[in-house]
Amino acid sequence: MAENKAAWDKVGEDFRALGRQVKQHYDQRPRPEGPGEPQGGAQESREGTPPADRRKVDEALQKLTESLEQAFSALGDAVRDPHVGEQTRKAAGSLSEALTATFAEASERFRKK
């Protein structure tokens, strides 16, 4: 049982380290300056501007799009980073070891019954 817990603790440590590396890449990405201009599709009122609610939704969607682009770009950069690749392999190895220990323990308990 202690071996099983230790293995899962190691999985947690390794994935936290991997998460920190991906976050570091994300934090290094350049951020857009100021709110982006909403893009296309807004119906215009008689004054030639979209209704206020529609503008707010468009701005929120634009910010979400920019954030997702930054996140996926950072993830792409992280995937190409050899240190992140090493940490990914380490985390996957820890996960494999923890699963092996868990299944071994479950198999032993099953045989005892």
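Along the sequence shown, residues carry numbers from 1. Values below: all heavy atoms of this structure, side chains included; hydrogens, waters and symmetry mates excluded.
- The side chain to side chain donor-acceptor pair (under 3.5 Å) search around Asp77 returns Arg29, Arg80, not counting sequence neighbours.
- With sequence neighbours left out, the side chain to side chain donor-acceptor pair (under 3.5 Å) criterion links Lys56 to no other residue.
- Checked by atom type, the side-chain pair Glu66/Gln70 shows no donor-acceptor distance below 3.5 Å.
- When hydrophobic residues (I, L, V, M, F, W, Y) are linked wherever their side-chain heavy atoms come within less than 4.5 Å, Phe110 remains an isolated member.
- Through direct or relayed side-chain contacts under 4.5 Å between Ile, Leu, Val, Met, Phe, Trp and Tyr, Val57 connects to Leu61.
- Taking both residues in full, the closest heavy atoms of Ala7 and Ala101 are given as CB-CB, 4.4 Å, listed atom of the first, atom of the second, then distance.
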Return a table of donor-acceptor pairs under 3.5 angstrom between the side chains of residues 14-21 and protein atoms on other chains or two or more places apart.
unit_1, atom_1, unit_2, atom_2, d
Asp14, OD1, Lys10, NZ, 3.1
Asp14, OD2, Lys10, NZ, 3.2
Asp14, OD2, Ser94, OG, 2.1

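- Considering only residues two or more places apart in sequence or on other chains, Thr65 meets the side chain to side chain donor-acceptor pair (under 3.5 Å) condition with none of them.
- The nearest pair of heavy atoms linking Ala78 to Val84 is O-CB, 3.1 Å.
- Scanning for side chain to side chain contact (heavy atoms under 4.5 Å, CB included) contacts around Thr102 gives Asn4, Trp8, with sequence neighbours left out.
- In this structure, the side chain of Ser67 engages the main chain of Lys63 through a donor-acceptor pair within 3.5 Å.
- Under the 4.5 Å side-chain criterion, counting only non-hydrogen atoms from C-beta, Glu59 is not in contact with Gln62.
- Listed by chain and residue number, nothing satisfies the salt bridge (Lys or Arg N to Asp or Glu O under 4.0 Å) test with Lys90 (two or more places apart in sequence, or in another chain).
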